[in-house]
Structure formats: C-alpha cells, structure tokens
Amino acid sequence: MKKVKVFITLKESVLDPQGQAVMQSLHNMDYQNVKDVRIGKYIELEMEDSADVAEQVDAICDKLLANTVIENYRYEIEEEVHS
Amino acid sequence: MKKVKVFITLKESVLDPQGQAVMQSLHNMDYQNVKDVRIGKYIELEMEDSADVAEQVDAICDKLLANTVIENYRYEIEEEVHS
Amino acid sequence: MPLTHLEPSPEQIEQEKIYRTMGLTEDEYVEVKRLLGRKPNYTETGLFSVMWSEHCSYKTSKPLLKQFPTSGKRVLQGPGEGAGIIDIGDGQAVVFKIESHNHPSAIEPYQGAATGVGGIIRDVFSMGARPVALLDSLRFGDLNNSRVRYVFEEVVSGIAGYGNCIGIPTVGGELQFDDCYNGNPLVNAMCVGIMNHEDIQVGQARGIGNTVMYVGASTGRDGINGATFASEEISDKSDEKRSAVQVGDPFMEKLLVEACLELTKHEALVGIQDMGAAGLVSSASEMAAKAGVGIHMNLDLIPQRETEMTPYEMMLSESQERMLIVIKKGSEEEIKAIFARWGLHAVAVGEVIEEEVLRLEHKGQIVAEVPSDALASAPVRHMPSKVPAEYTDNQAAPVWIPVIEDYAGTIKKLLVQPTLASKDWVTRQYDYMVQTNTVVAPGSDAAVVRVRGTKKGLAMTTDCNAKYLALDPLVGGKIAVAEAARNIVCSGAVPLGITDCLNFGTPENPEVFWEMEESVKGMAEACKVLETPVISGNVSLYNETDHEAIDPTPVVGMVGLVEDLDRVATVSFKNEGDAVYVVGQAAPEFGGSALQIMFEGKASGKPPVLNLELEKKRQSQVLAAIQSGLVSSAHDISEGGLAAAIADAVFGTSLGADLHFTTDPAVELFSETQSRYLISVPEASMKAFESAVDGAVLVGRVTRNDKITLEFASDTVTLDRPELEKDWRGVLSCIMSAKN
Amino acid sequence: MKTAVIVFPGSNCDQDMYYAIKDGLGEEVEYVWHAETSLDGFDAVMIPGGFSYGDYLRSGAIARFAGIMPAVIEAAKAGKPVLGVCNGFQILLEAGLLPGAMLKNKHLKFICETVHLKTENNETLFTSLYKKDEIIRIPIAHGEGNYYCDDETLQGLRDNHQIVFTYDGENPNGSRADIAGIINKAGNVLGMMPHPERAADALLGSDDGLRLFQSILNHWRESAHAAYTS
Ligand SMILES: Nc1ncnc2c1ncn2[C@@H]1O[C@H](COP(=O)(O)OP(=O)(O)O)[C@@H](O)[C@H]1O
Ligand SMILES: [Mg+2]
C-alpha cells in the first residue's frame, strides 16, 4: 500500500478570499506578525501498489483533484507502514 | 520571516463525506486501486520571526484554524528563503 | 481480542452499579430486571439506558403532553409517528414536525445544526412526503461574547450548508438573543412536506417473516455518548473513538430522499423509519413494538465504517443519513435495485419474528434479547413542582410604565436591538427559493409556499416569546400559540395545526417542572380554542448555562392553508393612498416587552393579558377580510409594539406613512397588548373592511415618500425611512463582521 | 422544441428548470439521467443548478466525469443550445466548454437574493428578446459564484462579446469584471450564475427570466424553418 499526500494550493495570481479573511481575523486577534495566509487542500490517498503510481497520481490530480486553471498541486508518495 | 505549513485533518473516526464522494468518483473513473481518500486543509502562513513562533502557531491553530472538536492539526516551520 | 470481552458482566453491572453511570436510576434498573426476568448484560443495559432517556422516552413530559388536543377533523396522523399529517383537500396532505438539536449545536455548532436539519427532514420523508420547506427557530446569548458569535455564525452556516445542498428551501424561522442562552443555544429545526393520502407510510414492522433492511450511510461510532460508557477497562482505546461528533452528509441524504420516495410507491414496502436519536435500537424496537411483533437482527450484516465495533456501539451509534425499512419477503432484489440506481446500498439485516422480542445476533451468538415493547415503555416519572418565588414577586410587582422623552430616538434604538433587527444577514445565507414555490419569502409574518399544480398554498411560521413565559408561563404559553396563529392569519391562511418543541431547563428542579406544567397548560388551552391540534413535537430538557435554566421556551411551529394564492397578504404596504387601520386598542402592558428589556435590561411584572375568545374572533374576522380581497397588507403587532410593526410595513418599499392618534404615545407605540393588527386597505374597500372587522380604527394613510409621521396630541414623531431602514438592516452584519 | 434537463445526483434545481420550460414556456421537456449516454432527439440541453455530488471537493468537479457529459459536449459541438445555470455553469467550466473557473464568494458566505443584471449582449440565441443593456431582475443562490479568469481570457471574452450578463449595482460575489454569465465563441453554450428558471412566474416575484427561454424557442423555430425552406 502507498500513502499519497497531495497538496493543492491556489496559484499566486489568484486572490484567496478565504486566506484574506483568516488573516484579518488573526490581526484582530492581535497576531499582527502574520503577513500572509493562503488556504489550500490537503488530500491523503491510500493506493494499492502498482508500477505507475506516480503517473496515476498525476492523472488523478490533473483531472479531478485540482483545477489547473486556478490551482497548483504537488504530492509525496510514502510507503504505508502497516500496524 | 518564517513560512509555516499547517495540515488540518479530520479525526480518524469522524465521517468524511467529501473524501467518500471523491473516492466513489475515482472508482467510477476506474481507479479501483484507490482504497481510501481523506480530505483536509493545507494552510500556509507567513510570519515575522519571533522567539515564540511555535507557541503562536499552536495558539492560532487551536483558536482559529482547526476545529479541535473534529479536527487534528500539525505544522512545519521553515525559514523563509528570500528571492 | 474483541472489545466485547472487556465489557463488564451482568453481575458487575449490578454490584458496581454501572447502570447508574449509563443513565439508569435504581428503580429503573430494578424494573429492567423485572421485565427481563434476569440481570441485563452490558449491551442490554445500554439499550435500556438510551431508550429510557428523556430524549427517547419522554418519561417526565409524557403526563403533561396528554393535555394537548391531538385530533381534529383534518388530522390524519397525530403524534407518535415520525411526523404528524393534516388533510389539505384534493387527496393531498401536509406533514410537519419540529425538533431540537440544542446540545450537539453547543458542542459543534456547524455539524450540530446541520445534522439537526438532516434529522427532521428524515422524519418527514419517512412518512412518504416530499419535504418542501424548512424553518429554523434559533436563540443565542449575548452577541458581545465572542463564543456566542462563533456559535451563531456556525449554526447558521450549518443550517445553510445542509438545507441548500439538499435543495429544500429554508423559508422562515425566528432569531432571538438573550443572556439566558449564553452557554446553551437553542437550535430547533422544522420541516414541512406534502404528500398524497395514499402514500402515507408507517414505522411498523408487520408481517412475520418479512425482511428488515438497512439503507443509507454506514455506521460509525458517531455520537455514542462518552458519559454512558461505563468502565475504565474499555477506555484504553483512545477517547477519540468514543464521542465522535456526528457529521452531516447532505448529498447522501438527498439521494436517500429520492430513493425512499421512489420506494414509497413500491407495494413491497411494509414500514419505514429513520434512525434518529439512539439509531438502530430505537428504530428497530419501535417498529417491532408498534406492530406487536419481534425483530431478529444479525449485527454482522450492518454496514460499518469502522472496525471492531461492538453490538453496544452499533446499536447506540447516531450516525446520520440511515433508515430502517421492512419489506415483503422475496422482494429484496427489487428494493436493492431502487437504491442502487441512486448509488446507495440496501442490506438485509434481519427479519420480523412472531415472538415479541428484539433479538440481536453477533458473531454467531445472541448478544441481546429484550421484549420489544419493554424498550418503548419507560416508567413514567412524576416530578414535584413548586411555584418559583420570582413568579410570585412578578405577579405582585407594580405596573411598569416607561418614561420617554425622545420618541423618534427610542424607536431608532429599539429597531437595532438584535432581536428586532432585520434577519437578512441570516436569511440571505439560506436558499429560500429552490423548488420555485416560495410565494412569500422570509421577512413577512409567515412564509407561503405554493402547492404546485393547485391554487393552494401553505403558510408556515415558528413563534415563541420566551420573555412572556419567563414572567408567566401559563399566559406566555397561550400567547406563543396565539401569535403563531396570528402570523398565519395575516398571510391569508387558515391555521391547521401545530408542532411544538418544548425547550426547558432541568425537570428535577421543581420550579422548572412547574414552568413546564404551566406552559403546556396554556398552550393546550390556546390550541383548543383556536382549533389548532398538536400533531407532532419534541421535548428538549436540561438546557442550562452555569446551572441557570434558560427561560421557558416552548417553540410553536404552525402551518396554515391558503385556499387561493391570489389572496395572500404580506406585511408590506402596497399602494400610496391606502387607508391604515390599527385593529385593537393598546393598554399599558409593558411586562416582558422589547421596550422594557431595552430600558431595564430585564423583564419584570406581568406579560400582556390574552383573551382567547377575542383572539379567535379577531383572527376569523381579519382572515375573512383578507380572503375577500379587502386588504392590501396585514401585520400582527407583537414584539416592539406598533412602532416595530409600522417600520416592518414600510421597509423594503418606497412608501411612507402619515398617521394620527388620539391615544398616549408610549402606550400606542410600544405596548405589546395582544390580538392587535396593522392593516392597510384600498380606499374602495374601506367601508366593507370596517364592517368586516370589529375594533378597526382608521389612523391615516400610506404615502409615497420617505417619511413616517406619527402625530399625537402632545408630540409629533417624524422618522426618515431610508435612514431608519439602513440601521435596522445593517445591525447583524455589522456585529458579525466586527469579529473576534 | 424538445429540451433535456440533465439530472446529476445532487442536482436540485432540475425540477425548477423542468417546470419553467413545461409551464412557463409550454414546450416539451424531459429529465435525462446522468448515467445516460445519448442526447439524440433533443433540441436543447439544460444543466440545472444544485449541488451535484454534494459539490464536495469543488463545485462541478465530479459531475464533469458523468456518463452523459460526452453527449453534452457533442451537442455543444453540434451547435445545439446548451444552458448551464449556477452549478450547471460550474460544470461547464470544469468540462472546459467555457473558459475560467469559479472561486468562493468574496464574503465567503452563500448568498440568496434577487439581483439586477445588465444584458451586455442581446445578440445571442439566449438573449434576443432582451434589449441591449436592459436591466432585469433574476435571483441568485450560490456560495461559489466568484468567476475568475486570467487577463488574456478576459480580453478574449471582451473582444468576442462573450460576456452576456453582468451584475448591475453591487457585485454580490466578487466576480471578475462583474461577470454573471458568459457564452462560448460559437454562441451556443451559455453559463450563468443567476437562475432564469426562478424568474419564470410572476407569482414568485419576477418573470424576467422567461424571455431567455423564449429566445431559445424563437431561435429553434427560425432555424427549423430555415432548415425546412433550404
Ligand atoms: N432564523 C431564521 N431563519 C429564517 N427566517 C427567519 C429567521 N429568523 C427570522 N426569520 C424571518 O424573519 C421574519 C421576521 O421574523 P420575526 O420578527 O420573528 O417575525 P414575527 O414577529 O412576525 O414572528 C419572518 O419572516 C421570519 O420567518
Ligand atoms: Mg408577526
């Protein structure tokens, strides 16, 4: 089994209203030292082993998990340790 | 400047309808080898340096970023490399 | 090692009194032993403890609820099933019920509110009805408190998140703020559905040998109350596993609604019930008990989201979006096909048996066997009651009369009290138009939803002024019902019946129990006189903040029938030149009024008097006038008095009012005397209106300008509508955007 | 004219669209289940609002892979009118039939109200019965209607007159250039956040949306006539 961690972030050129709202709240809470907040998605997949896991993950991200018009993605593939 | 990466995930036993819907869709797309999907948040903060950044991040996560009734969080603090 | 082996033995449960930590009293435990003829094991003790909880059994409130009138010539189904049903003619019926989700919302406001909405929707479609509208009755503490703001914001998001996604319009409700709800918000959700008579379903497990099926989401350890979990031995599994918060999945429920409504048309369906509080236990035992049969269920077949769940956990889980159905034996495949089309699984988990027991099998062993009706018949508790000293004091208190110098300033200030302010900030977050039947949207006295394909509409509202009940629960209880009916009547509908949600403190406190007795007595009396039977309801007790009970808050949800959608009325003035009438004369009644709360910070004295006979006569006269097309607008005069009613009538229009009074301005404008209305009438209908409605006093005209002019013998009050409206509309969003 | 209303799991304005066409317009209409694969025999295709697949992940993201979508794309290529409203618009974006993407509303809250729209382009098959720059009242109800596209795309939309509706007055969701609805270059695929099907009956407050459906019908009648006479 593989554990795949996918990170999806908004492209820099795209305004992030949610991040802005969180930053505003943090400032109101007196965390003035927070200079930027960007909110994205963190997705964990559990996948059966196969030779082309990386290719599959690329395809899954491109097609479904991320909208590449506004988002970037990157991922890490880890060997699952069974308990 | 510090770059803080926060990962927020649903607690293990909490239902994740989003993850379930994505998994179902991946199965329909013939990615039968995806055995589980969990969807969380990935938040990037930029913070000015200070002695107690870690404490601050803990407080920020507890108070605002994560809903600790149903979510867990972890974070990584990185030195920002200026370009 | 399976967890079951770690469960305490029947002997341990008795000796170590583990049943007490699980919620059973000494007497109840003895009664369980008597019913079983032996000591209950751990799972069985769990089944009894949840089924005999107040939430499931109504053991404390049952004797009171008997006072409610529950029948009437239109009532097709009274209390007892998922929801009540009332005939609306043409072979159609309306189905409705209200339910509380106060405690879950206090802990996790978004999910608590969302799952509250999900639960009430299941109650309605399990009767065979298509849900057509939602209402939400909400109460929160002081908005200066950041936790209160957080809870308020999240509750509204949760209701919106669930209702909008599933596609049922949220068309009405209430929103009030008072310190007594600081730590204990009230989140009551009501659902209304429409159905054909022939599709009425019941939650009964009839027919020996028939198949019991489980449909919907799989079962996890959601909502299993940590407090009813017994021993140290099994708590070595992390706490996380236990009291996991229930998370709503509106998408799943949308599929479930569609699939179940399809199922309703299938002749193989025998019974259907949702798995609400106490999930599988309550649905299985109630379905068996109502049909006088038993159910044998194999727990290995229950779809499970988590591993190694014990029978106890499976039976008590409160995972959402699940239903239990009984179907004719042999039709399993057809039923599975219906659900499969919606991407859902239907799984056969048991069968109906002759022996009247709920028998649970797990891993080849019978792990619980209890008489089916035993679980559904908790011993009734008769609680002592005592008149609170505060009540006696309030009754004896001298009449409070406000001293007002600046009337315009007082009106301005009154309209920005959060309880009276515009609710736009909330209602804009709700899709109140989906299904394209919303004829009257939020903002009027009652919402009106069209019955598609007919000229008919359904008017609906929720109401309860808890301040009146805090002063005098008997009178306040009557007023809650009467005000709901007045709101229905003002929209041009005949009140059909009510559903109620009794939110109170701890019934073990004799003063709280007295409040319950008095409230119910008052409500029952009003229901009898106004001919609005109680067809469903819910009780929520133990609502407290720091051991202080909330004000008694028995919320009334009422539905009425509009015969002709062309004759619907709303609160807004419509035409320049229309005559403005005030129906009913104000007396100096300020106890519990919005003005008193604003000036004094708390309610005192007596609430307004309610004369039910007068109330009834006025309602029928006003309704008849609306139905004959005599009025342009109608609005009841309630919280905030005539001043608030006038503001409501001009806001959102480009009209003003020019009104003249011979009365005392403070009393006329701010008293909350009951059974009063503000009605505008076209010139041509004035004569007819005056002879149709007794006690209608002509006070002036609707104007086409931005001014509200109120002329009294001593004072002339002039207000600028746009300015007044801007403040009124902006309050909540202003408070909520100045977060943290 | 025979219209298809596509039903995805989680669609919830499917009936509203159906009744707007059946009762409002008085034309033939049928629901088409997401798992179907053909739209043969239909003259127009409507993708209704709602929360397809719960809108979990991203609005419209999962619906785009439904069995019916190749047929929708084929119908679009064949020049049939395709209208996506609200969630339908989001699906058209995800499917690449229209350019751009949808972000959360700028105030982050779901918003339901009746807004004023300006008809920027009345020379489309969907808007021929409106006047140029006419202001109409149509309800919105969405949480993710904040239309986004990059500068180049926006320029393209402007150059080709693809912006059909903009919000008049306050922009409720923060969309780029106040965009409320856009059309493809070929002029037969319209996506819009506001709900014309909710404004097809005066009893509910506005029937300004009805002319959009009547425009489609007129277009169909004309092109059917043209086909007959040619
Ligand atoms: N929480 C809410 N959800 C939906 N609608 C609400 C809510 N609170 C208030 N409203 C709507 O706002 C309007 C005014 O409410 P309210 O002042 O309580 O009316 P009334 O005093 O006539 O009962 C009503 O149309 C009501 O349905
Ligand atoms: Mg009212």
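Within every chain, numbering begins at 1; the chains are lettered A, B, ... in the order of the sequence lines, protein sequences first and strands thereafter.
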Can you see whether A/D58 engages A/Y75 through a side-chain donor-acceptor pair at a distance of less than 3.5 angstrom? yes
Part of A/K63 lying under 4.5 Å from any heavy atom of chain D: both
Short question: side chain of A/N72, backbone of A/K11 - any donor-acceptor pair under 3.5 Å? no
At a 4.5 Å cut-off on heavy atoms, which part of A/L15 comes close to chain D: side chain, backbone, both, or neither? backbone
Between the CD atom in D/Q162 and the CG atom in D/N184, the distance rounded to the nearest 0.5 Å is 7.0 Å
Which answer fits A/E71, side chain, backbone, both or neither, if we ask what part of it has an atom under 4.5 Å from a heavy atom of chain D? side chain
Side chain, backbone, both or neither: which part of D/I62 has a heavy atom under 4.5 Å from chain A? both
D/L108 versus chain A, the contacting section by heavy-atom distance below 4.5 Å: side chain
Evaluate the ring planes of D/Y130 and D/F165, with Trp represented by its six-membered ring, and classify them as parallel (under 30°), tilted (30 to 60°) or perpendicular (over 60°). perpendicular
Using modelled atom types and a 3.5 Å cut-off, is there a donor and acceptor pairing between side-chain atoms of D/K132 and backbone atoms of D/E120? yes
Classify the side-chain pair A/N28/A/S25 by whether it contains a donor and acceptor separated by less than 3.5 Å. no
Which of the residues D/M102, D/K104, D/H107 is involved in the greatest number of heavy-atom pairs with chain A at under 4.5 angstrom? D/K104
Most heavy-atom pairs under 4.5 Å with chain D, out of A/N67, A/I70, A/I43, belong to A/N67
